[in-house]
Amino acid sequence: MDIEEFRKAGYQAIDRICDYFASLQDRPVVSQVQPGYLLDSLPTHPPEDAEDFTAIADDFQKLILPGITNWQHPNFFAYFPTAGSFEGILGDLYASSVSNPGFNWLSSPACTELEQVVMDWSAKLLGLGDHFLNRNGIGGGVIQTTASEACIVVCVAARARYVRQNPEVKLQDLVIYTTTQTHSLGVKAGLILGLEVRPLEVTSEDQYGLRGETLQKALVEDLARGKRPFILIGTVGSTSSGAVDNIGEIGEVLQDYPSIWLHVDSAWAGVAMACPEYRTFGQLDPINKYASSYDTNFHKWGLVNFDASMLWVRNRQDLTDALDVTPEFLRTKQHDAGLAIDYRNWQLGLGRRFRSLKVWFVLRRYGVVGFRKHIREGIALNEYFVSLIRASPDFELVTTPSLALTVFRLTVPPSITLAEDEDVLAVQNDLNQEFHRRVSNESDKIFLTQTKLNNTFCIRFAVGAQRTRKEHVDQAWDIIQTNARAATEEWVQSRTKG
């Protein structure tokens, strides 16, 4: 492909991307294909001769798009949102045009320095303290692929620091602390590092957030049995329910255990701290006071296309001491002189994408005002959905709504009398599983996901797609009500027959 061919194909690509977004609302939310559809449609060997690019682009429309679940669909309320802004798309396009591995400053100075700038911009947007800024030369920020990878990175750094400070410790005695509501990233880190993971129990009475007394009790128990907890992964905005660990209490407890690293994972909820009114919810003050590291995903609710997981550390040397590998062929005079950051030493891999460009595009195009407006609109839409739940006798909230996330369930009709030996929770779960099954059968119109909180089966409703408006929440509510009535009727009939 020469320049003019690329120009022509590029124009067509932009036109088709615009057509895709213009028709997004009319497309199914979830891909309706069956497993193996693409495997059966494509040849088993690559083509011997070059193919015309028009045919290749047409196959994207014909074969690939039908297999795409449309995360930017306005009726997508599952998991958490994944951003898909036009600014982010263009940022990725420009970044791809200057493709480079970005492993050190010299490989492309703009890649390194723009990342330093946007990480400092983002820290200030969220209210993070100056000690997390790259400009201070001690702490700093780096873009990772995902919050899971960021967690592994800080676990590696925390382990190295703990062993350095406690050289007598045996690696098999090290323990990662999570909670029973922590994202699977904690368990994944333990699997990769071959370390024990202890999930600390959290309860509905505490809104599924970790309390300091629970941590203190666990520390006493583990140290008594010869175990050495070296990191605690706290959460602000858990996946299941948007739960928030009490970072202030946790931080106070860890003052007596200075070798233990406190990492705060706020992958979804963190961007809400762009709005000052949500900084107390986001635990900003205790994060600034106690956290060794903090991570949030701008690629979820933060308008930046996947991937862009923003990780800040209080002391960058903790990362580089654990991860710096500099063979002679990677050595540069700029790094040796301490004049430049080499971000390869802040991550697991060597090469890295030019992610900062799309962050730069988004932050400049939206500005702080536009970014905050996007967050506030999502929360307002969720508050509207909550009002519908509260006004209905057929549903109940399972947890306190969290920013743009609601966890709810269908209630057992008051006309149903349970037998004395029946398990009430099992009955409620049975009804809600039938309800969710029915809603899932309408995945072309709406997408909701389920979770379990202390064995309670419930439904999650997460707002955040950039194109979601009030009418889409109303459409979702109509579908939810229709399927709730059908599920309840069928469930009641099955009990009667039984």
Side-chain angles (χ1 to χ4, degrees), residues 77-80 178-184 186-187 197-211 213-214 217-218 235 237-246 382 385-402 405-443 446-462 476-477 479-498:
F77 301 106
Y79 306 112
F80 283 127
T178 64
T179 81
T180 50
Q181 290 299 313
T182 303
H183 186 274
S184 57
V187 174
V197 177
R198 179 178 177 182
L200 307 183
E201 189 70 34
V202 292
T203 66
S204 58
E205 290 77 15
D206 292 320
Q207 292 293 309
Y208 300 101
L210 179 64
R211 302 301 300 269
E213 60 188 32
T214 303
K217 180 181 177 183
T235 303
S238 67
T239 301
S240 282
S241 66
V244 177
D245 291 335
N246 195 313
N382 185 58
F385 180 75
V386 169
S387 73
L388 299 175
I389 291 287
R390 285 180 169 149
S392 171
D394 301 324
F395 297 94
E396 64 183 3
L397 297 171
V398 179
T399 62
T400 301
S402 178
L405 173 66
T406 297
V407 182
F408 68 102
R409 67 177 176 177
L410 183 59
T411 58
V412 175
S415 60
I416 296 296
T417 302
L418 302 183
E420 290 185 4
D421 60 346
E422 279 192 285
D423 184 331
V424 176
L425 181 58
V427 170
Q428 293 171 327
N429 286 349
D430 183 51
L431 172 60
N432 278 276
Q433 285 166 347
E434 172 60 23
F435 165 54
H436 182 257
R437 183 189 68 78
R438 284 182 169 273
V439 173
S440 297
N441 287 338
E442 299 211 50
S443 64
I446 187 176
F447 191 20
L448 301 175
T449 46
Q450 79 286 357
T451 191
K452 277 191 174 181
L453 292 170
N454 287 4
N455 293 318
T456 298
F457 186 94
C458 35
I459 313 298
R460 299 171 69 261
F461 187 91
W477 181 239
I479 294 171
I480 288 169
Q481 286 183 300
T482 299
N483 283 278
R485 285 192 292 267
T488 300
E489 289 174 6
E490 182 175 316
W491 182 78
V492 170
Q493 289 175 4
S494 68
R495 286 179 60 86
T496 304
K497 292 177 181 178

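None of these values were measured; they are calculated from a predicted model.
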How about CD on Q433, more than 12 heavy atoms from neighbouring residues, nucleotides or ligands closer than 6.0 Å, or not?
yes
Rounded at 0.5 Å granularity, tell me how far OG1 in T451 sits from CD in Q181.
7.0 Å
Counting only heavy atoms not in N441, do more than 12 sit closer than 6.0 Å to its CG atom?
yes
Would you say the ring centers of W477 and F461 fall short of 6.0 Å from each other?
no
Pair T400-Q207, side-chain donor/acceptor within less than 3.5 Å
yes
Kindly give the heavy-atom pair with the smallest separation between S240 and V407, and that separation in Å.
O-CG2, 3.4 Å
Donor-acceptor pair, side chain of T235 and main chain of D245, under 3.5 angstrom
no
Side-chain donor/acceptor of T482 to backbone N/O of I479, under 3.5 Å
no
Mind listing the closest non-hydrogen atom pair of G242 and L405 along with its distance?
N-CD2, 3.4 Å
Tell me the closest heavy-atom pair linking A78 and A462, and the distance in Å.
O-CB, 4.3 Å
CZ of R485 to CD of Q481, rounded to nearest 0.5 Å, is 5.5 Å
Look up atom CG in L425 and atom OG1 in T456, then write down how far apart they are to the nearest 0.5 Å.
4.5 Å
Qualifying residues under ring pair (Phe, Tyr, Trp, His ring centres under 6.0 Å), relative to Y208, sequence neighbours excluded:
none
Sorted by chain and residue number, the side chain to side chain donor-acceptor pair (under 3.5 Å) partners of S402 (sequence neighbours excluded) come out as none
Would you mind writing out the side-chain donor-acceptor pairs for residues 411-420 within the sub-3.5 Å range, not counting sequence neighbours?
from : atom 1 : to   : atom 2 : distance (Å)
T411 : OG1    : P393 : O      : 3.4
T411 : OG1    : D394 : O      : 3.0

Could you walk me through whether L448 and I480 pass side chain to side chain contact (heavy atoms under 4.5 Å, CB included), step by step?
CA-CA 10 Å; L448 301 175; I480 288 169; 4.0 Å; yes
What pairs with T239 under side chain to side chain donor-acceptor pair (under 3.5 Å), at least two apart in sequence or on another chain?
none
Just to verify, what does E434 make a side chain to side chain contact (heavy atoms under 4.5 Å, CB included) with, not counting sequence neighbours?
R437, R438, A487, E490
Hits for salt bridge (Lys or Arg N to Asp or Glu O under 4.0 Å) against E205, two or more places apart or cross-chain, chain-then-number order -> none
Short side-chain to backbone donor-acceptor contact, S238 and A243, under 3.5 Å:
yes
Can you sort out the partners of E201 under side chain to side chain contact (heavy atoms under 4.5 Å, CB included), two or more places apart, ordered by chain and number?
T180, N454
If you measure from OG1 on T179 to CG on D206, what distance do you get to the nearest 0.5 Å?
11.5 Å
Taking S392 for its side chain and I389 for its backbone only, find out whether a donor-acceptor pair lies under 3.5 Å.
no
Can you check whether F385 and F408 have ring centres sitting under 6.0 Å from each other?
yes
Shortest non-hydrogen contact from A484 to F395?
CB-CZ, 3.4 Å
Apply side chain to side chain donor-acceptor pair (under 3.5 Å) to N429 and list each qualifying residue two or more places apart in sequence or on a separate chain.
none
Partners passing ring pair (Phe, Tyr, Trp, His ring centres under 6.0 Å) against F80 (at least two apart in sequence or in another chain):
W268
Could you check whether any side-chain heavy atom of V439 comes within less than 4.5 Å of a side-chain heavy atom of I446, counting everything from C-beta outward?
yes
Atom pair CG (L200) and OG1 (T182), whose distance is rounded to the nearest 0.5 Å:
8.0 Å
Those residues that, when tested against Q450, pass side chain to side chain donor-acceptor pair (under 3.5 Å) (two or more places apart):
H436
Restricting to side chain to side chain contact (heavy atoms under 4.5 Å, CB included), what partner residues turn up for V197, sequence neighbours left out?
I176, T178
Side chains of S440 and S443, donor plus acceptor under 3.5 Å
no
My understanding is that only residues two or more places apart in sequence, or in another chain, count here; which of them pass side chain to side chain contact (heavy atoms under 4.5 Å, CB included) with V244?
V236, F281, Q283
Just by distance, do the side chain of N432 and the backbone of C458 share a donor-acceptor pair under 3.5 Å?
no
Between atom CG of L410 and atom OG1 of T488, what is the distance when rounded to the nearest 0.5 Å?
4.0 Å
